[in-house]
Each structure stands twice: as C-alpha cells, then as structure tokens.
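Protein chains get the first letters and strands the later ones, always in sequence-line order, with residue 1 at the start of each.
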Protein chains: 2
Amino acid sequence: MPERVTLRDVAVLADVSAKTVSRVVNGADHVTPTTRARVQQAITELGFQPNLVARSLRVGRADVIGLVVESLADPFFARLTSSVEQAAHERGLAVMVSSVGNQVPERESLVVESLLVRQVAGLIVAPMAQDHGYLAGARQRTPVVFVDRLPEGIVSDAVLVDDLAAGEMATGHLIDHGHRRIAFLGSELRNPTTRLRLAGYRRALARHGLDADESLVAVGAGSAGEARSAAEQLLGGERPPTAVFSSNMRCSLGLVPLLHSSGRTDVAVVSFDDFPMADSLVPAVTVIDHDPEVIGRAAAERLFRRLEDLDAAAETVIVPFRLVPRGSGELSPPGGTGRDRELGQDEVLATDREQDMAHHGVEGGRRP
Amino acid sequence: MPERVTLRDVAVLADVSAKTVSRVVNGADHVTPTTRARVQQAITELGFQPNLVARSLRVGRADVIGLVVESLADPFFARLTSSVEQAAHERGLAVMVSSVGNQVPERESLVVESLLVRQVAGLIVAPMAQDHGYLAGARQRTPVVFVDRLPEGIVSDAVLVDDLAAGEMATGHLIDHGHRRIAFLGSELRNPTTRLRLAGYRRALARHGLDADESLVAVGAGSAGEARSAAEQLLGGERPPTAVFSSNMRCSLGLVPLLHSSGRTDVAVVSFDDFPMADSLVPAVTVIDHDPEVIGRAAAERLFRRLEDLDAAAETVIVPFRLVPRGSGELSPPGGTGRDRELGQDEVLATDREQDMAHHGVEGGRRP
DNA sequence: AGCGACGTTGTCATCGATGTCAAGCCACTG
DNA sequence: CAGTGGCTTGACATCGATGACAACGTCGCT
C-alpha cells in the first residue's frame, strides 16, 4: 500500500520548501533553473501528483464545471454534454454531470445544489424549473450559463436557438407545400421552449391567413410513448391533419415510428431536432437542425469568459439553425391545393435576420 | 457579496463547538435532541451548506466517481452514462465524466489521471487502451470497474456482455436464414470487443461447416463514414455478400444508410447494438440488444460494493443480451437455398447458459 | 458517599496545498 | 563601502471540515 506522495515529500527530497515545490508545479516565476530542475527530478522520482482537492479548498473553488441537463440518454443532451466536456477538457477543467429527469423539474434546484456544495467553478444548466430565483444568491460566487431555454425570474447568460423563428419556419415550410391542416405536437406547455415553438407555429399560420384549429394542437406529451398516443388521436380525428410539426425529438420518436408502422407515410412531417437515422427513413425526415455541439461549445466558451470577469453584463448568444429538407416535409397534401410548388434551396434557410445572427454567432443583447 | 457560511459560523450562532455542528450535519450519534434542534435552527437560519471539498480533503477521498468512456455522443455510452449517473445520485455521489475520443486510445491514461488527482472515490472505465498496467498503483486506493471490455495487463472487476456468444448468435441467425456469404463489418481489431465478436462470427461459420472468406471481413472502420466506405467496397466486390453482420453501432450507422440510399434493402443485416429508429426503417433492423442501462447500473453497483470492501476478489459480471428480429436479419438470400425456414421465437434468445447468467445477472467468475 | 461507566461536548491537530510576508542573497550604484 | 533593489526562497497561517482524544456531567451501583 504505497503512501500518497505529497508536496512535502517532494520538498524534503529536493531539499527545498514546500512552497518552492508548489511554485514549480504551478510553473510560477522566480525559481532558479537549477532549483526547478532539482524539484522536477524529485517529482518524477517520487511520481508526485498534486492533490487537486487540497488546492481547491485553498483557492476556494474546484477546477470543475457542473452541467445540468434533463436526461443524458437524450441524444440532444448527450451531444451537448460531449461538446461541453471537450471544451472543458481543453481548459484543464473536469465536468460533473447531473440529470434532472424529465418528470420532476423540482429536482433541478436539488441537483444544482449538489454541484454547488462541491464548489464547482461554474455551471451550465439546461433549465427545466419554472423559476430560477433559487440561484440568485449562488450566482454571486458561481456563474451560470443557461442553454436551450431562458431562465425565469433571474437575468443571466444564456445560449439559445431562436425557437420562435424556427417554429415559424417549420410551419411555414409545410404551408408552402400546400398544407392547410397542420398539427402541432409538443411536450408540456410549462416548458418555455415548447411555448416559443408553438408561438412560431401560430405566427406562421396567422401570417398566411390560416386560422388555427385548436384541436390540431396536442401538447403535454412528456415521453415518446405519450407523443405516440397523442399523434394517434390527432390522426384518428374527424378532420385529421395532412401535416405535423413535431416540436422536439421525443415527440418525433413517438410520431415517426407510429406513421411508419401504420403505413401513414403520406402525412408530411417536420421535426424540430435532428435524430439518428432521420435521413434513412422513407421518406427521410425533414428537420430543423440546431447543432447541440455548437450550443455546448458556445456555452462553455461563455462560461470561461465569465469566470474571468464575474461582473460583465449578462449576454445572450443565439446559435444558428437551419431547415434540412429530406422528403417528409415536402410531401403534398392528398389532392393538393394547386398552391404547392417547388421551393428554391435558399428558401429553406433562415431569414436574413436569423442568418445574420447565426453567422455572427453572438448577439450581445443585454436584458434589463 | 454574501460571505460563505461555514460550520464555524453555525457553531457560533448555536453556541456550540464546530465539532458538534459537524455531528449534526452528518447525523452522528451522541447529540442531545435539544442541541441538535438548536444547531438545525442555526443551520437553516444561516442557510449553511457544508463545503464538500473541505470534507473530501479531510477524509481523503471525494464523494465523486469518475466515468471514462470513448465518446459521450455515442448513444451507447450516453445511455451508459445516464444509468451510472442515476445510480450514483441515489447514493449521494456525483459523477465526473471524461471522454477519451475514439482516435487516441493513449489518451485514456491521461484522462484517468485527471480524475485520480481529483480524488475520485472510484472509477468506471470503458477501456480503449491496450494495456492497463498504468492503473496498477492507483487501484490500491481507487477501485476501478471496467465495462464493455476486459482490461489487459491487470485483474479487476468488470461488467461485460458475452461478445463471443453474441457474435456467434448474430452470425448463426443469418446462416439459419440461408445465407452463405456473410460479411463482417467492424472497427479496429485492437479493440478486444471487435476481436471477440469476430471470433464469434468465425465460430458460427465453422460450426455450420462454412469456410470463412477473408475478403468478407472488413475491419478498421473507426467512424460511420469509414464504415460506409468499407461496406461500399464489400458490396461492390466480385462475389458480394448476401448478408452483413455489423458488429457495432458506428458501423451500423454507416452501413444502414448506405443500403437505404442505394436501394440495397435486399441485403440482410444484423446489427450489434440497437440504435434509435432501427425499428422504423423498412425493413426494420434486426439487432443484438444489450442494454447499456443494465451495464451501467451493474457497474455502479459493483463499484459501490467494492468501495465498502476494497480487498474482495475481482469479479466479472455478465449482463444479458438478446437478438431482436425485426426483418432485416430475416431476409433470405436472393434465389434462396432451400435451407431457409421460419425461426421459432425461442431460437432468438440466448442459449440456456447465457440466459441463465443473464437472469441471475451476476457471474462470480474469479480470474486468476 | 464514592466510584466507574456512559453519553455529550469541546479542544486541538490535521488533510495538502497556496497566499502573505519577510528574510537572504547578490549585484549594482553613488 | 554602505545602500538600494531585485530575485529566490522559506516560515507560517489558512482554506473548512473531521478524527483522536479528553473533559465534563449525569447516572446507577455498591
């Protein structure tokens, strides 16, 4: 059972003080090359590894960032986590992940606290809770960057997709292909993301002079299974939709298999969130693609900058999205309406404004 | 800027010693209900939260476990991570994740060390490196449970799927459906998992008296893109296979879209690893399913037990797998061979031995 | 009454590193 | 040659909690 090697052991062997070893380990100035070499020698000889927990205690924060997501098993969050982890690793930071679980948004504050007591240097949170006032105190010490959704009851850095514009584009795409009865499939309305996408859906309908049939709006599906049932009900209705805007991946993972297994591949679909194999189905699924990798990296970079300047104003970063036409979103309604037409490639891109934001990558919008 | 509240602050307010507060916080015995109440009162009044970093320093280990995987973006590892995180959370442990990246197995030891210096209580590692001797010293202090693959050059706890048996079953399934020219698609051979699955493939061929055509074995595909090219080459060969055993998800994510986009849905496929949408394709993809959730939880449970008994003998846990027939694996070869037949449901299950292990969930196999 | 046993509480040192501050040393200057 | 300043180095306290051990009080027993 080899004893732990501490800084002091190295100091004794190199015949210097612990402080000097500390200087060498941290690459600090003011150490003679001779001394440095002797210490290095002792370090390798003993195989010394600094105890980062001790360092964290002394400096008051761990070189770790916390990441809070809904579920790690969800491919969107998995890819987000992956990119955050990579960005952190490049800065020598470790990542602690915690998932909240999609049924219990209240757990969010507990999960966050379990990270705070471990003295994480900063947090990246994909919010689920209704209110984030509970973070007000902690943020003085521990910066937080929100991703995917805006926090409520608090002003903070955030990295977002323009859900409203994306929802509008998805719905507009279906309208442009001649659809008049378009269903909206979404999860809980208390989720701001869902609300924004739904608002985009309604705005597209309004802009095209279509009236919204509330019976075509199915929200509240918390799992793929529930989404499947909800979709089943929509399609079995009296005047079923000819197209569906599925507003997140879970919904799509319920809807699409349903359409395939019931042979209803005539129903047009646009899915918010790309998902694996979406391009291998027949028809391949048209999606709004927003790169979780881009979001994750942007959030990490924002957090790193924030760690260096705790007092800067809160900033919102908008990351780009695009519509990827693959077939399912370009199906015409049965019978057609004569208004259907081929779209030019450019029309599937975000509007000028969004593209502009997208390519600049950053929007310095300060919220009051 | 609110000062941090420490145990000492609570002690002063409650007019007791720091030690007593510590006792209350940790639910230790020997504290009068009265005192306890007074301390509790002070704790809530001040909103005290213990500093787990300080505790970790004192007790010599953090209440954190480290998880090392190849890539968090890979759905298999994402689900594994998710289940490990859940199990850890139930025990009040946090999880630090690190990914190695699939191109640089050498990075594994670096990643592991970055966790060790943070004093993680234990590690769960999906090994990529060739040799794990580098862990020999650390394991004295920090237990390690390997998942998915056996470590090399070291004896340790491990949670595995019986890759050999699974490879044999997948290949046997295709043979049973009349195929005689079956290709093997896999990643690097230095990966023991690939080697075992390939061995299973060969054993199935041998058992059925088929000779192995080495031109049908394509290994080395490290990404879906490479797998796609490899598959393209296999199918474009002189005597192309009528069936493919794709030995992991990355390969399947290259192969399956290729088959679909080139209209070659007549080629039979069995995929090792289930993947999203596999059941919505036409034909749906027959897979060997081994639950990453089960593996993750088993590994976590093993690690927890190990944390309580550092000296117990190394144990290998074998988790169950099953073949899920969905269509792609049951296609007959063009022209058929007359030997094709319908399979009874029971035949798609693992052999008695594996099922037995599976349901017991644990195999106490000690390795010398 | 005196004694030991036990339950409660406190004192002090400690985990391993780093910030503060000062001492030591050398060189260079006037 | 004393004085000044810069560079190296070290002594010591400290981060916030907990382990070891001791002191104290209370109780029950002989």
Side-chain angles (χ1 to χ4, degrees), chain A residues 2-40 42-43 46-64 92 114 116-121 141-142, chain B residues 2-40 42-43 46-64 92 114 116-121 141-142:
Chain A
E3 296 293 320
R4 296 191 73 43
V5 179
T6 77
L7 202 118
R8 198 158 298 276
D9 300 327
V10 176
V12 170
L13 178 60
D15 194 29
V16 293
S17 75
K19 182 72 231 211
T20 299
V21 179
S22 169
R23 288 197 182 92
V24 172
V25 169
N26 293 356
D29 281 348
H30 303 309
V31 180
T32 307
T34 327
T35 315
R36 188 182 297 276
R38 204 167 68 243
V39 172
Q40 287 289 11
I43 287 176
L46 296 175
F48 167 71
Q49 307 251 216
N51 180 330
L52 295 196
V53 166
R55 175 183 296 165
S56 297
L57 173 60
R58 186 64 239 255
V59 305
R61 59 179 58 248
D63 41 7
V64 174
S114 87
L116 289 177
V117 294
R118 291 180 168 92
Q119 313 297 113
V120 294
R141 275 183 30 84
T142 311
Chain B
E3 297 292 320
R4 299 189 69 45
V5 179
T6 75
L7 202 123
R8 198 158 299 275
D9 300 327
V10 176
V12 169
L13 179 58
D15 194 31
V16 294
S17 74
K19 182 73 231 210
T20 300
V21 179
S22 168
R23 289 198 181 92
V24 172
V25 169
N26 294 356
D29 280 348
H30 303 307
V31 180
T32 307
T34 327
T35 315
R36 187 181 298 275
R38 203 166 69 244
V39 172
Q40 287 289 11
I43 287 176
L46 296 174
F48 166 72
Q49 307 251 216
N51 181 330
L52 296 198
V53 166
R55 175 184 295 166
S56 296
L57 173 60
R58 186 65 242 250
V59 305
R61 58 179 60 249
D63 41 8
V64 175
S114 88
L116 289 177
V117 295
R118 291 180 167 91
Q119 314 296 115
V120 294
R141 275 183 33 84
T142 312

Distance in angstrom units between B/Asp15 CG and C/dG10 P, rounded: 8 Å
Pairwise distance CD1(B/Ile43) to CG(B/Leu7) - rounded to 0.5 angstrom: 8.0 Å
Atom pair distance, as rounded to whole Å: CG in A/Leu57 and P in D/dG16: 7 Å
B/Ser22 side-chain N/O to B/Ala18 backbone N/O, donor-acceptor pair under 3.5 Å: no
Contact letters for nucleotides 17-26 of chain D, in which S counts primed atoms plus P, OP1 and OP2 and B counts the base, heavy atoms under 4.0 Å: BBBB------
Rounded interatomic separation in angstrom, taking CZ from A/Arg38 and C1' from D/dT8: 12 Å
Straight-line distance of A/Gln40 CD to A/Phe48 CZ, nearest 0.5 Å: 11.0 Å
Residue-phosphate contact under 4.0 Å: B/Thr35 side-chain N/O, C/dT9 OP1/OP2: yes
Side-chain donor or acceptor of B/Arg61 paired with backbone N/O of B/Arg141 under 3.5 Å: yes
A/Ile43 CD1 to C/dA17 C1', straight-line distance once rounded to whole Å: 13 Å
Backbone of B/Ala14 reached by a side-chain donor or acceptor of B/Arg38 within 3.5 Å: yes
B/Arg118 side-chain N/O to B/Ser114 backbone N/O, donor-acceptor pair under 3.5 Å: yes
Touch class at under 4.0 angstrom, heavy-atom based, for B/Val53 against every strand present: nothing
Short side-chain N/O contact from A/Ser17 to OP1 or OP2 of D/dA11, under 4.0 Å: no
Of A/Val16, A/Asp15, A/Val21, the residue whose pairing with A/Thr35 passes side chain to side chain contact (heavy atoms under 4.5 Å, CB included): A/Val16
Nucleotide C/dG19, atom P - distance to CG of A/Asp29 in whole Å: 14 Å
Between C/dG7 (P) and B/Arg36 (CZ): distance, integer Å: 15 Å
Sugar-phosphate or base contact per nucleotide [nucleotides 23-28 of chain C; S, B, -; heavy atom under 4.0 Å]: ------
Atom-pair distance (CD on B/Gln119; P on C/dG16), nearest Å: 8 Å
Side-chain donor or acceptor of A/Arg23 paired with backbone N/O of A/Arg36 under 3.5 Å: no
Main-chain N/O of A/Arg8 paired with A/Thr6 side-chain donor or acceptor, under 3.5 Å: yes
Selection from D/dT9, D/dG16, C/dT9 that lies nearest to any side-chain heavy atom of A/Thr32: D/dT9
